[in-house]
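As structure tokens, the structure follows; a few thoughts come after it.
Atoms within a ligand are numbered from 1 in the order they appear, just like the ligands themselves.
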Amino acid sequence: MIACVVAGALLIVRYPHDIRPFQRGEEEAPPTRAGSARPPPPPPPPPLLPRRAAGYRRFRGGEAVAASGGSGPRIGGETRRASALAEELSEGGGGGGGGGGDTTNTAVVFTTADATALARGPGGSDGLSRVSGARRRAESQGDRRGRRNGGAGDWGDGGFRGGAARARKSGKREAVNGGGRAMAAIPTFHMLRVRKRDGEGEPLGSAPPRLEFLGGDGGGGGESATSAPGPFSLRRYESFEAYATEQSASGNAILPVPIVRPPGKGPEASRSIPLAIIIGTQKGGTQNLRSHLLTHPSLSGLRQKEAHFFDWFWFPSDPNKKRHEWPGDGRGGAGLNPSAAGEVLSAYADRAMKAVDPSKRDTMATVESSPLYLFFPLAPYRMRMVLPAARLVLILRDPTERYFSHLRMMMCGTRDGETFDQLEERLETYFHIPGRVKEYLEQGEASYKPYTPLCRGEGARAKDLLRCWKAMVTHDPLHRGLYVDQLERWLRVYPRSQILVVESSEMFGDFTGTLNQVARHIGLPPHDFSYDSRHQHASAPCERHHPELFAEGGRYSRH
Ligand SMILES: Nc1ncnc2c1ncn2[C@@H]1O[C@H](COP(=O)(O)OS(=O)(=O)O)[C@@H](OP(=O)(O)O)[C@H]1O
């Protein structure tokens, strides 16, 4: 019995399956029999692409149409969820009602797996066989571990272990690169539009999901889009606690943005919390958007672009607290009382409002942008606890474009004294990046399964979401493009009306138009924005360090 328990515990330590959002079906690996000398069998390789047929026939609400306007192929169960979410995102909220007929075009972002299905075409199996081919090649290298871990990825042993890293270390780069040569182009078509047909859509869920760890009134998720937040105003409060008290009494009503000046201190000590928060996506054009918004006369600047207050980089001042603990995380649904919320807001103001532009000190309203918020599973819940009326802005970029932008950024990021080889090694260890990019993406697709309901926030508690996070982040550049799951979590806690979703491509095509749209959403008075290309923060210059790696056929090329 004891041996059994120990063996079971070892299994859990070796393969902490409950932190693998995509692999929960495998989590019940049978424990070894007590007394057996044989080591526990390795877990089966992760399944190939998720089965698609089941959900999709039931989806009658939307016809996937390629952004180019052509009829798209029929796509699977995950898409159904994405499409249902799209309805939620569409003007007027989710559900089958509402007039307009065949008119609603909604930005939807599909997963890489969906994109593979698209690339494959209706009824085709090419994508699957390509992935299988890669696995077979890995097997033929005779490296079982490479097959298990490198062929499709493995979340065990404290992180994603890639065959690429191992093959590279053991000089077997062929094992990694060889598969890439035979593969077809990476599907790049990850963003579609869904044409919703009147009355046929299946809503995401008519009842708002109950928030189990946030507590309170169950959050705003599932509420239909009612009114836009409206113009913002500023009000001076004695303390953030006073603001939090009023906020908690007023439910989700949008209160004036609080300005608090600590007693006995001068105006330079005044703080306010940001008026609006750009929550992502990383590499979506967030810096450019924020920089331009801050040219608005009603807004002040911040020293840091990213406050990282609600995410992993939250550093509590109390050294006894673990870094990842955030006030309220462990309260099992009790949420925060106004006094605790006041403290949190004060810390947020300190952090986000560090260096207000002196010439604009009277304005005291600003915009924060931390693109990690979208991806960090606890961020929506944390934010909702203290900022139920936040005005959120979300920029979504084609996941493939986003991925390559992310990659270019990382490949520029050598630390002091670090050689490029060392940088590659480091990224390999953390994110399993090198090897051929094509293969990396295909491996990601091969191992992709839709997030579990838990990792999408259904019934999740803080500790569950932290586990999900640890699994996601090991494959960060790929997973950040899986927007559906990320959005679902936000929509559980914030009403649709508070989240403005902008597509990068549209923003890049009409920047001032987007600025006006965002300004309206966050309640700024109209302003004649002009575009300044110096704020773009393009990562292209980094490519120049190693153009051969990014050129066609190079290690980081798209083809
Ligand atoms: N106007 C316009 N036109 C075209 N492209 C634009 C524009 N504004 C921002 N960008 C591109 O957005 C990428 C940077 O995104 P972020 O600022 O969100 O990056 S970060 O998350 O803050 O690191 C970065 O993408 P890449 O150059 O592809 O890496 C920027 O070039």
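Using a 4.0 Å cut-off to heavy atoms of Tyr531, the atoms of ligand 1 that qualify are 1 (N), 2 (C). Listed by atom number, the atoms of ligand 1 under 4.0 Å from Ser405 heavy atoms are 25 (O), 26 (P), 28 (O), 29 (O). In the vicinity of Phe511, heavy-atom distances shorter than 4.0 Å reach the ligand 1 atoms 1 (N). Below 4.0 Å from some heavy atom of Ala538 lie the following atoms of ligand 1, by number and element: 27 (O), 30 (C), 31 (O). Close approach to Met409 involves these atoms of ligand 1, each under 4.0 Å from a residue heavy atom: 23 (O). Less than 4.0 angstrom separates some heavy atom of Arg397 from each of these atoms of ligand 1: 12 (O), 13 (C), 24 (C), 25 (O), 26 (P), 28 (O).
Polar contact check, Gly285 against ligand 1: a nitrogen or oxygen pair lies under 3.5 Å apart. Distances between N or O atoms of Gly284 and those of ligand 1 include at least one value under 3.5 Å.
In this model, no donor atom of one side chain and acceptor atom of the other lie less than 3.5 Å apart for Glu343 and Tyr348. For His535 and Gln287, the side-chain atoms include no donor-acceptor pair closer than 3.5 Å.
The aromatic ring centres of Phe529 and His292 sit 6.0 Å or more apart.
Residue Gln536 holds the heavy atom nearest to atom 5 (N) of ligand 1 of all those in Gln282, His292, Gln536.
Annotation: side chain of Val344 is not in contact with side chain of Phe240 (no heavy-atom distance under 4.5 Å).
When heavy-atom distances to ligand 1 are checked against a 4.0 Å cut-off, Met507 has no atom that comes that close, whether in backbone or side chain. With a 4.0 Å cut-off on non-hydrogen atoms, His537 touches ligand 1 through its backbone and not its side chain. Of the heavy atoms in His535, none comes closer than 4.0 Å to ligand 1.
With sequence neighbours left out, the salt bridge (charged side-chain N to carboxylate O under 4.0 Å, His left out) criterion links Arg489 to no other residue. Every residue was checked against the salt bridge (charged side-chain N to carboxylate O under 4.0 Å, His left out) condition with Asp510, not counting sequence neighbours, and none meets it.
In terms of heavy-atom proximity, Pro371 sits nearest to Thr281 at CB-C, 3.8 Å.
Distance check, rounded to the nearest 0.5 Å: OG1 of Thr366 to CD of Glu368 gives 9.0 Å.
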